[in-house]
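Only a predicted model underlies this, so the values are computations on that prediction, with no experimental measurement involved. Sequence positions, counted from 1, serve as the residue numbers for this chain. Just so you know, ligand 1 is whichever comes first in the structure, and atom 1 is the first atom listed for that ligand.
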Amino acid sequence: VGTAAAPAQAATSITINGASGGRAFDGVGAISGGGGNSRLLIDYPEPERGEILDYLFRPGYGAALQILKAEIGGDTNSTSGAEPSHQHTRSDLNCDRGYEWWLMGQAKARNPDIKLYGLAWGAPGWIGGGNFWSTDMTNYLLSWLGCAKQHGLSIDYLGGWNERGYDVSWYQQLRGALNSNGYGNVKIVAADSDWAVAGDINSNPAFASSVGVIGTHYPCGYRSSQSNCSVPSAATSSGKTLWASENGSDDYNGGAQAVARGINRGYIDGRMTAYLNWPVVAAITPNLPYPTMGLALASQPWSGHYTIGKNAWVMAQTSQFTAPGWHYLDASSGYIGGNRNNGSYVSLKSTNNSDYSTVIETMDAGSAQTLNFNVTGGLSTKAVHVWSTDVTSSNPADYLVHATDITPSGSGFSLTVQPGRVYTLTTTTGQGKGTASGPAQGRLELPYSDSFDSYATGTEAKYLMDWQGAFEEVGCGGGRSGKCVRQMSPQKPITWDALSDPHALLGDVSWSNYTVSSEVMLEQPGYTELIGRANAQDYSSTGGLNAYHLRVSDTGAWSILNSNTNGNVSTLARGTTAALGTNRWHTLALTFSGTTITAVIDGATVGSVNDRTWAGGQIGYATSQGETAQFDNLSITPGS
Ligand code: 147
């Protein structure tokens with residue numbers, strides 16, 4: 001080594017005292033939803049799909065999540081996609097839509113002790129006449145809980161409206177409705193927004209008794225900052241359980257430092273007893289918002305390629321060594337030598353009152369430090385198992401590494417900790433690191449086609465990623481046999497972010513010259529679209545999409561449109577053909593060849609334009625707002 005080592009700091013003494021008080025630990029976990037981020041996972045082939053699920057949920061294998069928070073779908077975009085509602089209309093109910101029931105089931109199958117938590121981002125427009133804080137919404141959540149029961153899933157926690165504040169009387173109504181419908185054991189989390197709710201909880205005992213957990217988002221700073229987790233006194237003095245009910249929004253590898261800091265410091269600074277990473281997995285194509293955020297990357301179901309992120313291994317340093325119901329030991333948790341820059345440690349005691357785990361992070365340390373531990377207060381003094389993750393390394397072999405055991409001499413032992421690492425010291429066993437790995441990356445090859453006939457009603461067609469509305473398998477209309485895809489949202493939803501026309505995208509962003517064709521059928525006056533060369537999609541301001549569109553109306557009016565993420569839509573060509581009417585099937589096609597875009601309706605070329613704005617991208621379907629159009633026989637053929 002060419003540089004002199006920094007002078008060793010004075011050794012620090014840490015007592016791991018089983019007699020210390022401390023809050024109950026609720027778990028570390030992640031969020032599937034808010035939204036659409038898990039979409040492509042269900043379309044993975046086996047064995048890769050099961051391997052990814054093992055890395056997320058199987059105890060002693062990977063991230064070993066202790067809490068899974070799932071979106072309660074609302075047929076509206078909720079960041080990186082839309083998730084389907086169990087009630088598209090007031091009279092509708094289908095408990096098998098989407099992939100969250102499946103994901104929760106897969107999680108429970110691997111870890112029956114995982115806690116489940118439901119939260120809505122948006123909702124179908126029939127609810128409360130467009131008012132989220134309504135009795136309709138309370139009933140909507142009750143029917144969602146009924147669906148969970150049908151799936152054999154018991155829900156532990158339920159939230160209100162993601163990051164849209166709270167309505168005190170609605171939360172009280174929800175508590176009453178849960179109690180009188182057999183869900184007295186479901187704890188309410190309020191309000192998945194900021195700390196404002198704590199003041200009302202302190203001043204209103206009826207509200208306080210309705211709320212089980214105060215859950216706040218990004219309490220340690222947004223995204224990778226996550227270092228100082230201050231909590232207002234109204235929250236600490238409320239006596240309520242406090243959670244960081246959403247954190248993260250970081251790259252699956254690049255967020256590891258923030259995860260390491262946030263899990264420990266959330267408790268040390270703010271007595272927060274759960275840490276939920278957004279999202280659980282990046283199972284979306286790279287053109288959508290936040291394409292690599294989560295614990296793992298799984299964006300290519302067609303190739304089977306996936307990568308488990310450093311974030312997962314850092315989370316494992318807590319999850320594999322603890323369980324919900326363990327207790328923090330406050331006297332044995334803090335900053336090394338009282339200095340935040342040296343790093344932090346938290347100690348937790350098992351429900352058997354003997355085993356313990358201490359998680360140490362040295363993200364901001366400048367040099368090696370020697371820690372002298374003394375174990376007391378009834379805790380085990382048997383061998384200490386040491387596991388560590390080098391967060392500065394990009395080599396997966398350096399994550400969740402099992403080092404040599406330490407045998408305490410009496411009740412004392414020492415450990416030298418290097419900078420930029422997470423260490424877990426434990427008397428427990430059963431930890432492990434999965435070894436499965438997926439194949440190399442690959443393109444989704446053309447030609448690609450789907451007759452949509454091979455799916456169960458209510459499911460989503462392979463690779464078709466809803467952005468707004470809900471595109472779902474139904475028996476075909478218009479006198480046609482077989483199955484078709486139908487846009488199921490008949491009115492404007494209660495949005496979470498930017499409203500756009502219902503649309504769904506499919507495919508490889510590297511597709512450039514091709515013909516996309518599909519049969520379409522309008523159910524009401526309105527329009528439907530075939531989209532091509534689709535790429536970036538805005539969610540927060542305009543809802544705009546970089547793409548070309550062939551739009552056709554029931555009247556026969558057609559246009560070739562060029563849209564972008566600034567929300568601009570320009571018309572490249574337009575005209576009128578024979579009326580399409582409703583409940584009649586028609587064939588649309590769009591051909592992209594270099595800068596030439598050609599539109600065909602029912603076999604006749606209606607327009608051809610030259611435009612060089614978009615060189616390539618996905619295909620898609622769209623409808624006017626509330627139009628429940630159907631789609632059949634998608635075909636994408638390579639061109640030149
Ligand atoms: C969160 C949402 O809850 C997630 O669905 C997802 O959109 C995520 C993306 O980062 O963001 O919402 C936040 C948006 C902004 C902040 C915090 C959370 N912020 O600026 O502190």
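Looking at atom 11 (O) of ligand 1, its nearest protein heavy atom turns out to be E246 OE2, 3.6 Å. Taking atom 6 (C) of ligand 1 as the reference point, the nearest protein heavy-atom neighbour is T79 OG1, 3.4 Å. Looking only at protein heavy atoms, the nearest one to atom 20 (O) of ligand 1 is Y222 CD2, 3.8 Å.
Each of the following atoms of ligand 1 lies closer than 4.0 Å to a heavy atom of N162: 2 (C), 3 (O). Taking every heavy atom of E163 and a limit of under 4.0 angstrom, the matching atoms of ligand 1 come to 1 (C), 2 (C), 3 (O), 12 (O), 13 (C), 14 (C), 18 (C). Residue contact check: Y290 has heavy atoms under 4.0 Å from atoms 9 (C), 10 (O) of ligand 1. Every atom of ligand 1 is numbered from 1 in the order shown, and the set under 4.0 Å from a heavy atom of S249 is 8 (C), 9 (C), 10 (O).
For K240, the NZ atom sits in a packed shell: over 12 heavy atoms of surrounding residues, nucleotides or ligands are nearer than 6.0 Å.
Distances between N or O atoms of W496 and those of ligand 1 include no value under 3.5 Å. Residue-to-ligand polar distances place G34 within reach of ligand 1: an N/O pair is separated by less than 3.5 Å.
Ion pairing between D364 and R261 holds under the 4.0 Å rule for side-chain N and carboxylate O. Under 4.0 Å is where a charged nitrogen must lie from a carboxylate oxygen, and between D75 and R97 no such pair does. Taking 4.0 Å as the cut-off between side-chain N and carboxylate O, E460 and R39 count as a salt-bridged pair. A salt bridge links D390 with R421: the closest approach of a Lys/Arg side-chain nitrogen to an acidic carboxylate oxygen falls below 4.0 angstrom.
With a heavy-atom cut-off of 4.0 Å, R223 does not touch ligand 1 at all.
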Could you check V391 against K310 for side chain to side chain contact (heavy atoms under 4.5 Å, CB included), going step by step and ending with a plain yes or no?
CA-CA 8 Å; V391 181; K310 208 189 297 185; 4.2 Å; yes
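Geometric assessment of R175 against the ring of Y171 yields a negative cation-pi assignment under the 6.0 Å and 45° thresholds.
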